[in-house]
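Remarks on the structure that follows.
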Amino acid sequence: MSPLALPHRARTFLRAPARWSVVAAIPIVALLPLVLTDYQVTLADNIGIAALVTLGLVLLTGVGGMTSFGQAAFVGIGAYSAAVMATFQPADLPFGLSFFAGSPIAGLVLGLVITLSVAGILGAITLRLSGHYLPLGTIAWGLSLYYLFGTIEAFGGHTGISGIPALSLFGITLDRGEELFRLIWGVVIVAVIVTLNLLDSRPGRAIRALRGGQIMAESMGVDTFRAKMTAFLTAAVFASIAGWLYAHTQRFVAPAPFSLQAGIDYMFMALIGGVGQVWGAVVGAATVVMLKEWLQDLLPHLLGRVGNFEQIVFGLLIVVVMREMSSGLTGRLVEAVRARLPRVSIAPAGADLAAVEPLPRCPMPPRGTTILEARGVTRRFGGLVANDDLSFSVAAGEILAVIGPNGAGKSTLFNQLSCVDAPTSGEIVFRDRRIDGLPSREVAKDGLARTFQHVKLLPTMSALENVALGAHLRGSDGIAAAMLRLDRAEEASLLAEAERQLTRVGLGEYAAAEAGSLALGQQRILEIARALASDPCLLLLDEPAAGLRFREKEALAELLGRLRAEGMAIVLVEHDMDFVMELADRVLVVDFGRQIAEGLPAEIQSNPAVLEAYLGGVE
Amino acid sequence: MNMQIVMLLGQDGVTNGAVYALLALSIMLVFSVTRILLIPQGEFVAFAALTMAAMQSGRAVQLGWLVFALAVVATLMDAAKVWRSKGREPWPHGTLGLLAVAALALVLTKVLPLDRIGMFAQALLTIALVVPLGPLLYRVFFQAIAAAHSLVLLIVSIAVHVALVGTGLLMFGPEGGKTEPFSDAFFEIGPAMIASQTLWVIAATLALMGGLWVFFGKTLYGRALQATAVNRLGAELVGISPDLAGRASFTLAAAIGVLSGILIAPITTIYYDSGFIISLKGFVGAIIGGLTSFPVAALGALFIGQAEAFSTFWASSYKEVIVFTLLLPVLVWRSLAHTRVEDEE
């Protein structure tokens, strides 16, 4: 495969500012200790450690839309693990750990293992629930751990553990400020690179879909729970590593820096810096750490008393940030810079596509075989019967149109067919397998793809990436491969497939445009491209022609006709009767949830029951 | 452990549990009407308790300044809104009334001999000081972002809590406060001595719950709030102002918080930052009720009270750890019962 394949190039370009910023950061980190005073180096060390924790929150909150106030507790686990392994006598350590006493690497590994276990349990019980349970769960857990650190006698209670030796890795002792500075900021830069890599990958797209696109992502086969867990565990790992660095920098640990208050401070850092950008973590950490130093000097003078009064300022600051500039300081800056950059358009791919390994395709079922069958499907919402005993089937290479007046229950039916919703009674069979009640990502695996009546795209992602989300199940490279950039061959294939589908539906020239910037009609077509990218054998289209102009409708009809010729089964809900009657092989008419007619388009047009439903009866 | 200790611990558990149940009720009320998880709920409790304690020990009461300052800010925000709409928008009623109450309460705390006016008057003045905090917090911090993503609401809620705790330290200092019990009487029932304070707490809790039941079931305002909780947009379309619903629910939350604070102050020493831990137990109750079922939440809160009382006896230093660990099985159960993927609003 050629590394110059267009989608790859396009993406590199789109993400270029973030990548170049990493390259620029490396000499800064190398040279900065030469000009800073000792005090400033210490401050910068603290900022780096805080930035690492905050980076996890940028991923979790800014990208994934989840909140944790318990990050300080994960820092605590990392720090206490390091302290215990570094200072305890082998005899005091549990069996199995005593052999590694004194090893800083063992401290790091122990911290990571405990952190992953705790975060795994917390995530397992809260991430399936609505978004309020994770923050509440992390608050409770953060408080508990703080009390636990303070009460366990072996950990020195509230006085903590002191006398942690200087960090010694592979025979090199890091005890000078500038050495620690380079280590800490080196880790921060690696974490930034890993985060950027993750976001720019198949699992990363799943995480980016979490905010506002969970139903859609599940329909495309994305396991949203797994995506949430990935973000949460990554954030916890960053915090744990930060704790290990903290223990070896301070050479002493006590419970106070791992309290819930500290957890809230990390969240504030992420919000002030801007949760949308990786460098927002550094900006936020630097702002909060330095502002805190300054306020802790200033406020006692002003108020004539000692106490955590800087918290009043931070609390009010966050209120203002959330109200006035939700993208934070860095977000403001990036927006301002972006507005001054020229908009780039990207030429069509041409020959480059051929150089990429195409994705394998599933064989279509033979024409005429029944693919989907609904038997007595009934859906009640309380007293309302939205679907009443619907039975029909669709065969490969056939277009079935479902029509009916507004409120007839068509979208309810669609949600059940695609397993977004489950019928109250009745069965749905897809490719000889009963699917009603299954999660929607399960049927996506078998080749069912859909579009939504109310377009569900990720508006700030490019059209290309939105379509690539549809091909999620056709890739398999995981998180580790993504972080280490070992997923490039597969990623290029996925993006080439996305590009191919975009071109197929006629949106090729918009590959790099933000999906939210397209016209509504184009967004509907983009959803079709996304569905096609999953290599389906059954396509469910909810009002695909709404908002399209005449020529666009013609092109859509032509595309659907070609798909039918390839053997695809298509079910579509549509209000445009000319479109339906010309295209569909059979028509199902639904009114008040009941099936009032089914047959060839010509039969339906003269069916008295249908005429009555649409035009009103003759008295 | 003998019968007497069991009764004593049980009594403690019931008293604390009743207060947690009230807070759980209030948290769910605010959540269902506004989607805000009211983290500052505990500050109402702590501020009320510490204000009572300050009055009784003859120290200066500073809370009036905070309430007055917030009332001034709220009035200015209203004025700015009216001014920006060039007079098209009417002057919102409510805030000026709060300004008047805040000013009056501030003056009273500065001129009255607070330690000699009697417990009932002290309680009334505390209520007059703390209850306006509810609608004022809503007006100043939440009204403008009422339609925002629930994550934003949660973060602002946390931020307001953090700022209030800092202000609490400024107003009340780091020392704890405890008030005199309503009466010193004890009743002997079988082997147990029942403190009259316990009975006060139980009676007040039941009375308040009954009052809320009547309010929501029988009054127009109550039904309006209930309608908002069931369907926010629908309620707005039939003319129920979301601002009004928000302020009303915050007023109720502050009122419940004050009463809880006054009830708990003679039993426990309260510090400026104690409110959070207390309200968090209310949150645990609310989570047991799935943030929707009032009776289940109330039972859950009573259970938390018992668990806390008995773990104080057996493993006092692990008390908080045990209480919050109780969340785990609840979350496991909720998680297993919940299978559908939803998009967050």
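What's counted below: heavy atoms across the whole structure, side chains too, no hydrogens, waters or symmetry copies. Below, read A as the first sequence line, B as the second, and so on, with proteins coming before strands; counting in each chain starts at 1.
No side-chain donor from either of B:Glu43 and B:Tyr272 sits under 3.5 Å from a side-chain acceptor of the other. In this model, a donor atom of one side chain and an acceptor atom of the other lie less than 3.5 Å apart for A:Arg450 and A:Ser418. B:Asp243 and B:Gln143 share a donor-acceptor pair across their side chains, judged by distance under 3.5 Å alone. If you check the side chains of B:Thr95 and B:Arg247, you find a donor sitting under 3.5 Å from an acceptor.
Between B:Arg139 and B:Asp78 there is a salt bridge, since at least one side-chain N of the basic residue sits less than 4.0 Å from a carboxylate O of the acidic one.
Only the side chain of B:Leu37 comes within contact range of chain A, judged by heavy atoms closer than 4.5 Å. Only the side chain of B:Phe283 has a heavy atom closer than 4.5 Å to any heavy atom of chain A. The part of A:Ile264 that comes within reach of chain B is its side chain, from C-beta onward, which places non-hydrogen atoms under 4.5 angstrom from that chain. Interface remark: A:Ile121 contributes no atoms to any contact with chain B (heavy atom separation under 4.5 Å). Contact of A:Phe314 with chain B is not made at all, since no heavy-atom distance falls under 4.5 Å. For B:Leu169, the parts sitting under 4.5 Å from any heavy atom of chain A are the backbone and the side chain alike. Only the backbone of A:Ala124 comes within contact range of chain B, judged by heavy atoms closer than 4.5 Å. Heavy-atom distances place the side chain of B:Ile277, and not its backbone, under 4.5 Å from chain A. Contact of A:Glu310 with chain B is not made at all, since no heavy-atom distance falls under 4.5 Å.
Pairs of residues two or more places apart, or lying in two chains, never qualify as ring-ring contact (aromatic ring centres under 6.0 Å, His included) while including a residue from residues 212-231 of chain A.
If you look at B:Phe250 and B:Phe142, their ring centroids are closer than 6.0 Å.
Inter-residue side-chain proximity for B:Val140 and A:Val319 is flagged as unmet; no heavy-atom pair is nearer than 4.5 Å.
For chain B, the option among A:Leu143, A:Thr61, A:Ile318 with the highest count of heavy-atom pairs below 4.5 Å is A:Leu143. Of the residues considered (B:Leu154, B:Val332, B:Leu170), B:Leu170 shows the highest number of contacts with chain A, using heavy-atom pairs under 4.5 Å. Across B:Thr167, B:Leu280, B:Ile158, the residue that shares the most heavy-atom pairs under 4.5 angstrom with chain A is B:Ile158.
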